[in-house]
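As structure tokens, the structure follows; a few thoughts come after it.
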Amino acid sequence: MKKILIYTLAILSLAVVNQSCSYVDLETEDPNNFTDAPSELMINQPLLSLCLVQEGDLARITGIFSNQFTGADRQYLSLNQYITTTGDYDNIWATLYVDGVAQCKIIEQKAATLNLKKLQGVAKIVRAYLIGTAADLWGDVPYTEAANDLKYPMPKYDNQVSVYDSVQVLLDKAIDLYKVGADSDNGKVYGNLTLDESVLKQFDWLNVAYSLKARYFLHAKNYQKALDNALKGIGKPEQSWIFNHDDKGNYSDGKFNLFYSFLEWNRGGYLNADDAYLPRILDSGESTYRGNAKTNEAARFKYYFLSGGDAVYASLYDPNMSDGIFAVNSGYTLLSYAETRLIEAECYLRIAVPNKQAALNALNQVRQALNTYYGGNFYQDYVDSDFLTNSDLLKEILLEKYISLFGQIEVYNDLRRSNNLIGVPLKKGAVLNKIPERLLYPQTEVGANKNMPAIQSIDKPTRVNGGNS
């Protein structure tokens, strides 16, 4: 991905120098051989890594597995049949751990020395997001010995359940630090080079931390705690965490949307949506259309997909990299109001004493936000009589989440967690009789870390997904 490398080279150099100083004595008198960087500048490195993890290879692979995309050429043809190899995950594993987790830990240490409590909190939030993602996709992963090559060159793999517990502790510490940030730390917005400028004044890392806590409690199936934290999380659409891309369409610097980079700039034709399920439930011309008397998907379908004569590479459907969700300057959502409200809605139905009306209210809040976004009355409020049972409403909530989080890894997490409750069909010619349950550990770990667990087949559920939905 040569265009992305142009964009990341300058920032990644911070990580390279920082890693190298453990092994090489640099000339401290030479200004070209800098040995350190301010922690408030370094935070952009793990933020960028987080974007690459969420918006890059993993989003495309899990999007194929979730039947939102179609693998149409070269190795993507194999992925479309759920055929994957250990080598598919080498680069992104390094991005997650070396460029992300390791840098967060360095920033946390430097910020602690300078008493920058809010910055410590932000670094811990980003680290929790990265580690939580690893646990989601691979199950047991390094945590307690991760990102400490000198002491633990072969880090042990922690139990997935204990990793989720550790992520919650990390987020609790982040919240405490952020709340009591010192005066010298107040007023700074860290990572402002990567966040949507339109939400900076209202952006609050506490919203993100609570929404992440809700997400990971949901993954662990602790529905009451997931609900409690969702209610404290992102509270309005403009607080959604969006990774901003170049709004000037300046192709020379490679700062464009990573899906656009793959779909159009670097690998045109590899990924489309011809045989995918998502466009077929949004296209009113299909028998599988999910619209009803209160739901009109015309605007969202147009924003998500290029179809008919507008399709560039596909026969039927291309993801919209022209003027829609994956356009050159479109931001990428890392954590959203919609996800938070839909976690709330689901949990109201799954707690010990279900509350159907509260679940309806949360779902309707998402539908109202969709009306505002698309500029029409496409989504009318649902009422109790629209759903005969709580199970019917639960399926509607999960279906809305499947659609609203198009292109996000969380869709894949939901399908596995719920045992595919919404019935997303398998890929044609798939080698499995169900959606893949996990990703393979990377080949770099297979060949270098004796503590790596035995490679699990992709049809074996992870620890948290092995039970009932």
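Atoms considered below: every heavy atom in the structure, side chains included; atoms not considered: hydrogens, waters and symmetry mates.
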Value rounded to 0.5 Å, distance of CD1 in I125 from CG in L130 = 12.0 Å
query = Can R60 be said to sit on top of F262's aromatic six-ring, NZ or CZ under 6.0 Å from centre and within 45° of the ring axis?
reply = yes
ask   = K105 versus V101: any side-chain heavy-atom pair under 4.5 Å?
value = yes
task = Establish, from distance only, whether the side-chain atoms of Q45 and S49 form a donor-acceptor pair under 3.5 Å.
result = yes
inquiry  = Are T372 and P237 packed together at the side-chain level, in the sense that at least one heavy-atom pair is separated by less than 4.5 angstrom?
reply    = no
inquiry  = So which atom in I107 and which in A123 form the shortest heavy-atom distance, rounded to 0.1 Å?
reply    = CG2-CB, 4.0 Å
query = Should the pair R367 and Y382 be classed as cation-pi, given the thresholds of under 6.0 Å to the six-membered ring centre and 45° from the axis?
reply = yes
Any donor-acceptor N/O pair, N364 side chain to D381 backbone, under 3.5 Å = no
message = Using a strict threshold of under 4.0 Å (side-chain N to carboxylate O), is an ion pair present between E346 and R417?
response = yes
remark   = Closest non-hydrogen contact found for T86 with L440 is N-CD1, 3.8 Å
ask   = Within a strict 4.5 Å, meaning less than it, do heavy atoms of the L227 and L218 side chains meet?
value = no
query = Counting heavy atoms not belonging to N449, are there more than 12 under 6.0 Å from its CG?
reply = yes
Presence of salt bridge, K213 and D228, under 4.0 angstrom = no
remark   = Tightest non-hydrogen contact, residues V446 and Y441, listed as CG2-O, 4.3 Å
query = So with a 6.0 Å cut-off around NZ of K173, is the heavy-atom count from everything else above 12?
reply = no
request  = Mark yes when over 12 heavy atoms from residues, nucleotides or ligands other than K460 sit less than 6.0 Å from its NZ; otherwise mark no.
outcome  = no
pair R463-Y164: side-chain heavy atoms closer than 4.5 Å = no
query = Is there a donor in the side chain of S261 and an acceptor in the side chain of N266, or the other way round, less than 3.5 Å apart?
reply = yes
inquiry  = Looking only at the side chains, is there a donor atom on one of S162 and D165 sitting less than 3.5 Å from an acceptor on the other?
reply    = no
ask   = Are E410 and N413 close enough that a side-chain donor and a side-chain acceptor fall under 3.5 Å?
value = yes
query = Does F326 have any ring-ring contact (aromatic ring centres under 6.0 Å, His included) partners at least two apart in sequence or in another chain, and if so, which?
reply = F259, F406
key: Taking every non-hydrogen atom, the tightest pair across P442 and D90   = CB-OD1, 3.2 Å
request  = Kindly indicate whether the side chain of I61, heavy atoms from C-beta on, has any atom under 4.5 Å from the side chain of Y89.
outcome  = yes
Aromatic centroids of W265 and Y260 separated by under 6.0 Å = no
key: Close side-chain approach of L316 and R280, heavy atoms under 4.5 Å   = yes
inquiry  = Distance to the ring centre below 6.0 angstrom and angle to the axis at most 45 degrees; does that hold for R127 and Y129?
reply    = no
message = Test: side-chain hydrogen bond (donor to acceptor under 3.5 Å, both in side chains). Region: residues 299-308. Which pairs qualify, not counting sequence neighbours?
response = E297-R300, R300-Y379, R300-E400, R300-S404, Y303-Y373
inquiry  = Under a plain distance cut-off of 3.5 Å, with no hydrogens placed, do D459 and S457 share a side-chain donor-acceptor pair?
reply    = yes
Check: S330 side chain, G324 main-chain N or O, donor-acceptor pair, under 3.5 Å = yes
key: Minimum-distance pair of heavy atoms, taken over all atoms of R341 and A362   = O-CB, 3.6 Å
ask   = Hey, mind stepping through Y412 and Q68 against side chain to side chain donor-acceptor pair (under 3.5 Å) and telling me if it holds?
value = CA-CA 10 Å; Y412 179 59; Q68 293 192 325; over 6 Å; no
query = For Y317, which of T70, D275, D283 qualifies under side chain to side chain donor-acceptor pair (under 3.5 Å)?
reply = D283
request  = Taking atom types as modelled, find out whether S211 and T340 have a side-chain donor-acceptor pair closer than 3.5 angstrom.
outcome  = yes
message = Within the 3.5 Å criterion, strictly below it, is a donor on T462 or E437 matched to an acceptor on the partner's side chain?
response = no
query = How about Y270 and Y313: are their ring centres within less than 6.0 Å of each other?
reply = no
ask   = Using a distance-only test with no angle check, is there a side-chain donor-acceptor pair under 3.5 angstrom linking Q357 and N361?
value = yes
query = Taking only residues two or more places apart in sequence or in another chain, which ones pass side chain to side chain donor-acceptor pair (under 3.5 Å) with Q380?
reply = none
remark   = Given the options K401, Q408, R215, E339 meets side chain to side chain donor-acceptor pair (under 3.5 Å) only with R215
request  = Would you name the heavy atoms of N80 and K427 that are closest together and state the gap between them?
outcome  = O-CB, 3.0 Å
key: Main-chain N/O of D414 paired to S418 side chain as donor or acceptor, under 3.5 Å   = yes
task = Could you tell me whether K395 atom NZ has more than 12 heavy atoms of other residues or ligands within 6.0 Å of it?
result = no
ask   = I92 versus L96: any side-chain heavy-atom pair under 4.5 Å?
value = no
query = Under a 4.5 Å cut-off applied to non-hydrogen side-chain atoms, are V312 and L306 in contact?
reply = yes
query = Is the distance between the ring centroids of H245 and F243 under 6.0 Å?
reply = yes
